[in-house]
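Notes follow once the structure below has been shown.
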2 protein chains.
Amino acid sequence: MNPTRLEMLSLLDGLGTVRAVAAALHLSPSAVSAQLAVLETEAGAELLHRTGRRVTLTPAGHTLARHARIILDQLRTAKQELQSPTGEPAGHVRMAAFSSAIRALAIPLGKRLAETHPAITLTVAELDPMAAHQALRRGEYDIIVTADFIDGSTTLDPTLATFPLLADDVVLVVPSPAPDLSPVNLADLADAAWSIDMPGTYLSNLVTSTCRRAGFEPIITGRFSSYELLLTHVEAGLSISLLPSLAIDHRYHVSPRPLHTPLTRHVYAATRGTPTPPPATRTVLTTLQSLTTPIP
Amino acid sequence: MNPTRLEMLSLLDGLGTVRAVAAALHLSPSAVSAQLAVLETEAGAELLHRTGRRVTLTPAGHTLARHARIILDQLRTAKQELQSPTGEPAGHVRMAAFSSAIRALAIPLGKRLAETHPAITLTVAELDPMAAHQALRRGEYDIIVTADFIDGSTTLDPTLATFPLLADDVVLVVPSPAPDLSPVNLADLADAAWSIDMPGTYLSNLVTSTCRRAGFEPIITGRFSSYELLLTHVEAGLSISLLPSLAIDHRYHVSPRPLHTPLTRHVYAATRGTPTPPPATRTVLTTLQSLTTPIP
DNA sequence: ACTCCTTGTGCGGATTGTCTGCACAGCGTA
DNA sequence: TACGCTGTGCAGACAATCCGCACAAGGAGT
């Protein structure tokens with residue numbers, strides 16, 4: 001029941017293949033395979049279901065993986081507490097946020113933390129809201145910053161603790177200078193050229209479903225994985241798009257126009273609730289919340 | 001940060017010496033010493049204070065030991081959950097109870113569990129209430145059955161969860177047949193010969209402090225580590241004693257006489273609250289409570 | 001003051017555990 | 001059907017761990 005073995009199982013739950021686990025741990029696949037076999041005999045139960053050339057976790061495997069994440073969390077907490085003999089929070093905190101939240105929240109957060117808590121090292125990764133919850137649950141990050149729409153299409157995990165940060169209005173983005181900045185009716189834009197995010201992402205779904213609810217299928221003229229490229233496309237007058245206000249970098253010459261029927265997403269942070277997050281994580285969280293309170 | 005290493009630290013916190021830890025784990029002292037040294041470098045902090053030929057835990061050592069116990073508990077929980085694929089609670093539960101509670105509670109509990117939950121294996125150890133809390137906190141047992149007097153000389157640990165079982169009156173024990181069974185005034189027995197438990201134990205303190213409060217110093221004619229020997233001594237007419245009702249085995253020809261100023265102790269079970277005990281432990285606990293409800 | 005006992009900790013040497021590289025079997029796809 | 005990808009065994013190399021022993025240091029008893 002080595003922590004390394006438990007981490008292998010937890011990673012396997014998230015990554016799906018033995019080879020990916022091996023790559024993540026800088027090991028050979030055979031080493032991972034052997035360790036998982038040892039873990040199976042130690043547990044006295046079938047952890048992996050070998051179906052052909054693929055491997056899946058059995059219910060017992062999922063159970064142990066869940067416990068493993070708690071144990072690994074507790075281990076991280078212990079290490080952090082040893083790093084801070086004075087009681088001052090210290091150690092490593094892994095955060096994931098969606099693209100626009102990194103610019104608007106994570107970067108200021110990093111600056112603030114460097115001043116107030118130099119003993120805390122914060123790593124930030126970009127992660128789409130669609131994948132954030134699972135990654136958090138799998139222990140890949142300690143804090144995620146993600147967003148939900150008010151219609152509540154997401155399921156709330158009771159083992160996760162959530163902390164509201166801010167409300168973010170979705171607006172229409174048009175090239176500057178805009179003819180006028182009054183609220184716009186989406187149905188009037190059925191013939192416009194749209195540019196949106198890559199298929200399957202959070203914002204891609206948002207634009208298409210919103211347009212469909214307005215009664216038309218959007219004509220897609222651009223698909224970009226970065227908002228910067230998308231904004232450049234809009235700036236050039238080649239398309240328009242729907243974006244949350246947070247995603248609009250004011251370096252680009254685009255104009256936001258509010259929607260006639262407003263659409264608001266709620267940005268929030270989340271952590272695992274079990275066990276209680278270590279002091280450093282809690283400090284990052286409260287700093288993050290204190291950053292968003294001045295922002296309306 | 002091996003679980004073995006963490007257990008060594010946790011055991012060292014409880015046992016005090018490296019040799020005792022080595023004996024408990026069936027290892028040589030040098031092996032334990034080496035592993036603790038590795039743990040110290042892994043933790044990056046001074047865990048042990050080498051003062052002369054003795055070793056004590058530093059604050060950081062105590063911190064890590066506390067985390068270690070949580071981790072080891074979680075590991076035990078995981079193992080138990082893997083042993084019960086059907087959801088039926090299964091696995092090993094370690095219980096400690098004071099002498100008379102074993103006969104009155106633990107033995108019936110074992111019988112009941114063998115019928116209702118054969119997948120649960122229960123081990124019972126005798127432990128004086130004075131040492132029970134510490135042993136529970138150190139992770140040596142999963143459930144303790146202990147007792148407190150109503151005057152509340154014990155400190156309640158908030159990380160421990162307690163479950164009241166029954167109230168137990170302290171009575172005077174005299175040889176049978178007794179002249180009468182009416183309530184007795186302790187002050188009238190200042191010249192009697194007393195037999196009590198070994199020095200430093202819970203019941204030894206009880207008798208002496210109660211007699212002193214009644215205004216006299218008891219004349220000790222017998223000290224026994226087992227209640228059976230003490231009862232035999234009383235039975236033979238050589239002494240009298242104070243015992244909780246629960247401690248009186250009716251195989252011995254002794255008579256209980258209530259005290260004029262009643263003294264009641266409260267028997268209760270306790271578990272560690274963090275993390276939540278595994279299903280098997282919770283089952284044992286509820287079975288134990290269901291056993292005591294018919295007993296007034 | 002002296003000895004004796006106990007405690008913790010190093011040092012070889014044997015044992016065990018773990019990783020790599022390769023080879024092989026099974027399955028999906030072009 | 002042939003190729004690529006998956007996971008898994010096997011020998012060999014390497015590291016971790018443990019034992020037995022010896023040694024230093026502090027306490028208890030004479």
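Worth knowing before you read on, the calculation uses all heavy atoms, side chains too, and leaves out hydrogens, waters and symmetry mates. Everything quoted here is computed from the prediction, not taken from an experiment. The chains referred to below are lettered A, B, ... by the order of the sequence lines, with proteins before strands, and numbering in each begins at 1.
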Next item on the list: Whole angstrom is fine here: how far is it from CD in A:E40 over to P in D:dG9?
Entry: 10 Å
Next item on the list: Can you check whether any acceptor in the base of D:dG20 is under 3.5 Å from a donor in the side chain of B:S30, or vice versa?
Entry: yes
Item checked: Positional range of nucleotides in DNA chain C within the contact set of chain A, heavy-atom, under 4.0 Å -> C:dT18 to C:dG28
Checklist line | From CA spacing to verdict: salt bridge (charged side-chain N to carboxylate O under 4.0 Å, His left out), B:R272, B:D73 | finding: CA-CA 9 Å; B:R272 286 181 296 283; B:D73 262 336; 2.5 Å; yes
Notebook entry, point to check: Is there a side-chain contact between A:T276 and A:R282, using heavy atoms and a 4.5 Å cut-off?
Noted result: yes
Note to self: Base, sugar-phosphate or nothing for A:R19? Non-hydrogen atoms, less than 4.0 Å.
What the structure shows: base
Check: How close or far is atom C1' of D:dC18 from atom NE2 of B:H26, stated in whole angstroms?
Finding: 15 Å
Notebook entry, point to check: In whole angstrom, what separates B:R53's CZ from D:dG26's P?
Noted result: 10 Å
Margin query: Taking NE2 in A:H49 as the centre, count heavy atoms belonging to other residues, nucleotides or ligands within less than 6.0 Å. Is the count above 12?
Written below: no
Next item on the list: Answer with base, sugar-phosphate or nothing: what part of the nucleic acid does A:A31 contact at a heavy-atom distance below 4.0 Å?
Entry: base
Margin query: Whole angstroms only, please: what is the CG-P distance between A:L27 and D:dC14?
Written below: 17 Å
Check: Within a strict 4.5 Å, meaning less than it, do heavy atoms of the B:I70 and A:I71 side chains meet?
Finding: no
Margin query: Walk me through whether A:R212 and A:E217 qualify under salt bridge (charged side-chain N to carboxylate O under 4.0 Å, His left out).
Written below: CA-CA 6 Å; A:R212 275 175 199 156; A:E217 186 73 22; 2.9 Å; yes
Notebook entry, point to check: Side chains of B:Q80 and B:H92: do they bring a donor and an acceptor to under 3.5 Å?
Noted result: no
Item checked: Close side-chain approach of B:V93 and B:T123, heavy atoms under 4.5 Å -> no
Note to self: From NE2 of A:H49 over to P of D:dT8, roughly how many Å is that when rounded to an integer?
What the structure shows: 12 Å
Notebook entry, point to check: Could you walk me through whether A:K79 and B:E42 pass the salt bridge (charged side-chain N to carboxylate O under 4.0 Å, His left out) check?
Noted result: CA-CA 9 Å; A:K79 281 180 192 163; B:E42 279 181 338; over 6 Å; no
Margin query: Taking any heavy-atom pair under 4.0 Å as a contact, classify A:T17: base, sugar-phosphate, or nothing.
Written below: sugar-phosphate
Note to self: Expected output is a numbered-order residue list: members of residues 5-13 of chain B with a heavy atom under 4.0 Å from any atom of DNA chain C. What is it?
What the structure shows: none
Item checked: Spacing of A:Q35 atom CD relative to D:dA16 atom P, expressed in whole Å -> 14 Å
Next item on the list: Rounded to the nearest angstrom, tell me the gap between atom CG in A:L15 and atom C1' in D:dG7.
Entry: 16 Å
Notebook entry, point to check: Any side-chain heavy-atom pair from B:Q35 and B:E7 closer than 4.5 angstrom?
Noted result: no
